[in-house]
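One structure below.
So that the names make sense, note that chain A is the first sequence line, chain B the second, and so on, each numbered from 1. Any value given below was found using the heavy atoms of this structure, including those in side chains, with hydrogens, waters and symmetry copies removed.
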Amino acid sequence: MSNRYRTHNCNELRKKHVDTNVVLSGWINKKRDHGNLLFIDLRDNYGITQCIIEKENSNFRELEKTQLETVIRIEGKVVNRSKETVNNEISTGEIEVGIIKFDVLGACRELPLPVFSDQEYAEDIRLKYRFLDLRRKKIHENIILRSKVISYIRSEMNNLGFLEFQTPILTSSSPEGARDFLVPSRLNPGKFYALPQAPQQFKQLIMVSGFDKYFQIAPCFRDEDARADRSPGEFYQLDLEMSFVEQEDVFNVVEELLINTFKQFSNKKILFNKFPRIKYKESMLKYGSDKPDLRNPLIINDITEIFLRDDVKFEIFKKLVKSGSKVRCIVTKKTKDRPRSFFDNIDKWAKEQGASGLAYFTFENEKKLSGKGPVGKFFSEESLREIMNITGAEVGDSIFLACSKQKELEKITSIARDKIAKDLEIIDNSVFAFCWVVDYPMFELNDLTKKIEFSHNPFSMPQGDINQINFENPLDILAYQYDIVCNGVELSSGAIRNHIPELMYKLFSIAGYTKKDVNEKFSGMINALSYGAPPHGGIAPGIDRIVMLLAEEKNIREVTMFPMNQNAQDLMMNAPSDVSEKQLKELNINLKNKK
RNA sequence: GGGGGUGUAGCUCAGUUGGUUAGAGCGAUCGCCUGUCACGCGAUAGGUCGAGGGUUCGAGUCCCUUCACUCCCGCCA
């Protein structure tokens, strides 16, 4: 394309263009002013071209005074660079453009933040001037990556026979799950729409409507507090659903899609081409978490039984165990020569995390097997042998012990596993380790209310023969409910859905909902399921987190074009904002606390 | 809602035990410089030390309150 603004972009000119007249437009990325000779690095989306002007040119003075980040148009001639002045850092580095004349297309005031810099800047300034921030190299590339990942996924899904549909953005509030964003209805005074937390019910209705395979790059809205890896307000999922499938069918589609996508956009190795399946219960024990980072080789073991032995004298732990606590441990290989400070730092760190610390000792065998370290003396030779049996520990290895009630224990061992591995530098950063976490329980006990609640998704199908389910022990019922995890990041959860209304009523009744409740709160769904619903299931991987992993970013705002800050404010657009009395009146809304 | 961190020039930061007129680099303005690619050199402007209160002869520094941003817990079926 060639027009009045440009004949080429800023990443196009090469040696073969030498002597041709060109027109380039772009931003002044950088100036280097030698007084009688001025270098301009001209930047556009595609790259940088060095342009040069000499004092003899009547435009020299004006260009010399032009601000960085001004948009200019340059007419000039491509010239060869001498060998010594070639810049191999940029792809146009063999040539430069001798400026004949230039025009200012878009003037620029003094910058609130520099564009040409690798420094980090305060988040509020970046967000307020996001359009400047987005010109910067790293984030500009992240956003382009995001675009490419989404198009790639879209075309892969099409190839796999999925149909893309849009679902409503204005829908109804759902009783389960996160806090809803509400939108007042003008035509229905006093009533509210809700923005969808996910198109969960719609995608199931799409299956009932007979479309077989659906996907959507779906915006999801949840009014919950932010985290580094969680935008406040809105985020995107690759939402997908399939009819007449079992769990394994969903897994196959997702594994293929993710492997292809990650291979396409990253050079990192994918550790497992068949993603390991880890039972929820096993994951909570071995990793203390339902989002295990499998790059980390450390494993947690339960050694509570050791503390019931008479030849173990570790009285604090023994006492706690008697009152229902458990003991779990992490063994580190060949750490006997680590300095005392290594162990004490971890113990100190654990205390900072609110735990009572981590006890530790090292297995030694001088004359006889013994535990070396502050609490080593409490263990008999026999008991040490038994611990080695359970954990696979060997002489020369060390062991960290924590004792607590199960939930706290899972929490502390989980973060300790991470911390110890980081200190030992045994996490391989050059790989992606995916896994499935499967066999989630259908229900769980709320510790505070002592009531039984759905542990994940109330629409999940319970496992086993549906005519033989033991509803007497609801906490034992497992669901066809699964999560996919990569490098300790939860990418998504999904499930085979419950498409049988009677079973749905039964399960909801266990969680304290009457048939009437279900009919009212999920009317669309339950109604649809009673008119011939196919068995179906799906999943919804988070797009933002996939791009985060591919871009190797720790913060979701680095892969989001126009994010809100932690208080869910858009500093650039000034959202949320006040609205006029007239608008409120139309919506039948009175504000309680007027300014 | 709770806990941690940060807040000093347009930007990134330094600032000793509380002690003279609060500094540097980048950016801006002015001048010099023909081969740089983070060009170089010289000069100038630019500060409510986040805000308010307190202790003190004296506060950027110590104490209290508060605000903003950020990280975490809660929350996120």
Next on the checklist: Please report the distance separating the P of B:U65 from the corresponding atom of B:G3, rounded so that it comes out in whole Å.
Outcome noted: 11 Å
Next on the checklist: Taking ring pair (Phe, Tyr, Trp, His ring centres under 6.0 Å) as the definition, give me every residue that meets it alongside A:F434, ordered by chain and number, with sequence neighbours left out.
Outcome noted: A:F262, A:F275
Checklist entry - Does the A:Q237 side chain pair with the main chain of A:I217, one donor and one acceptor, at a distance under 3.5 Å? => result no
Item to check | Ionic contact status for A:E241 with A:R497, cut-off 4.0 Å | outcome: yes
Checklist entry - Has the side chain of A:R222 got a donor or acceptor that lies under 3.5 Å from a partner of the other kind on the base of B:C76? => result no
Checklist entry - Is it true that A:E94 and A:K16 have a side-chain N and a carboxylate O under 4.0 angstrom from each other? => result no
Next on the checklist: Tell me whether the side-chain N/O atoms of A:R32 come closer than 4.0 Å to OP1 or OP2 in B:U36.
Outcome noted: no
Can I get a per-line list of side-chain donor-acceptor pairs under 3.5 Å for residues 537-545 of chain A, giving both atom names and the distance, sequence neighbours left out?
| residue | atom | partner | partner atom | Å |
| --- | --- | --- | --- | --- |
| A:D544 | OD1 | A:Y236 | N | 2.9 |
| A:D544 | OD2 | A:R146 | NH1 | 3.1 |
| A:D544 | OD2 | A:R146 | NH2 | 3.2 |
| A:R545 | NE | A:D229 | O | 3.1 |
| A:R545 | NH1 | A:E490 | O | 2.9 |
| A:R545 | NH2 | A:D229 | O | 3.2 |

Next on the checklist: Suppose we define a pair by two distances each less than 3.5 Å, Watson-Crick or G-U wobble; what does B:G35 pair with here?
Outcome noted: none
Checklist entry - Tell me the salt bridge (charged side-chain N to carboxylate O under 4.0 Å, His left out) pairs involving residues 79-90 of chain A, sequence neighbours left out? => result A:R81-A:E96
Listing time: all N or O pairs from protein to nucleotides 11-14 of chain B that are below 3.5 Å?
| residue | atom | partner | partner atom | Å |
| --- | --- | --- | --- | --- |
| B:U12 | OP1 | A:A122 | N | 3.1 |
| B:U12 | O4' | A:Q119 | OE1 | 3.3 |
| B:U12 | O2' | A:Q119 | NE2 | 3.3 |

Checklist entry - For A:D418, which residues count as a side-chain hydrogen bond (donor to acceptor under 3.5 Å, both in side chains) partner, sequence neighbours excluded? => result A:K422
Checklist entry - Base, sugar-phosphate alone, or nothing: which one does A:N87 contact when heavy atoms must sit under 4.0 Å apart? => result base
Next on the checklist: Does anything in residues 434-444 of chain A form a side-chain hydrogen bond (donor to acceptor under 3.5 Å, both in side chains)? List the pairs, not counting sequence neighbours.
Outcome noted: A:E255-A:W436, A:K279-A:D439, A:D290-A:Y440, A:D439-A:Q463, A:Y440-A:D483
Checklist outcome for this item: So salt bridge (charged side-chain N to carboxylate O under 4.0 Å, His left out) across residues 31-43 of chain A, not counting sequence neighbours, yields A:R32-A:D41, A:R43-A:E69
Checklist entry - Taking only residues two or more places apart in sequence, or in another chain, which ones meet A:H34 in a ring pair (Phe, Tyr, Trp, His ring centres under 6.0 Å)? => result A:F39
Checklist outcome for this item: Sorted by chain and residue number, the side-chain hydrogen bond (donor to acceptor under 3.5 Å, both in side chains) partners of A:K55 (sequence neighbours excluded) come out as A:N36
Next on the checklist: I'd like to know if A:E64 pairs up with A:R61 as an ion pair, taking the criterion as any Lys NZ or Arg NE/NH1/NH2 lying under 4.0 Å from an Asp or Glu carboxylate oxygen.
Outcome noted: yes
Item to check | Distance in angstrom units between A:F221 CZ and B:C75 P, rounded | outcome: 24 Å
Checklist entry - Is A:E502 paired with A:K506 through a side-chain N to carboxylate O contact shorter than 4.0 Å? => result no
Checklist entry - With a 4.0 Å cut-off, would you call A:E75 and A:R73 a salt bridge? => result yes
Checklist entry - Base, sugar-phosphate, or nothing: which does A:N567 touch, judged by heavy atoms less than 4.0 Å apart? => result sugar-phosphate
Checklist entry - Where along nucleotides 40-46 of chain B does protein come under 4.0 Å, by heavy atom, of base (B) or sugar-phosphate alone (S), with - for untouched nucleotides? => result -------
Item to check | B:G54 versus B:A14 - spacing of their C1' atoms, nearest Å | outcome: 28 Å
Checklist entry - Got a sec? Which of residues 45-60 of chain A come in under 4.0 Å of RNA chain B, heavy atoms? => result A:Q50, A:I52, A:E54, A:E56
Checklist entry - When we call it a touch if two heavy atoms are under 4.0 Å apart, what does A:D118 touch: a base, just sugar-phosphate, or nothing? => result nothing
Check: protein-nucleotides 71-73 of chain B nitrogen or oxygen pairs below 3.5 Å:
| residue | atom | partner | partner atom | Å |
| --- | --- | --- | --- | --- |
| B:C71 | OP1 | A:N555 | ND2 | 2.7 |
| B:C71 | OP1 | A:R557 | NH2 | 2.8 |
| B:C71 | OP2 | A:Q566 | NE2 | 3.4 |
| B:C72 | OP2 | A:A228 | N | 2.9 |
| B:C73 | OP2 | A:R227 | NE | 2.8 |

Next on the checklist: Counting the atoms with a prime plus P, OP1 and OP2 as sugar-phosphate, which does A:Q569 contact under 4.0 Å by heavy atoms, base, sugar-phosphate, or nothing?
Outcome noted: sugar-phosphate
Next on the checklist: Under 3.5 Å for both donor-acceptor distances, Watson-Crick or wobble: does B:G7 have a partner, and if so which one?
Outcome noted: B:C67
Checklist entry - Would you say a side-chain N or O of A:K65 is under 4.0 Å from OP1 or OP2 of B:A28? => result no
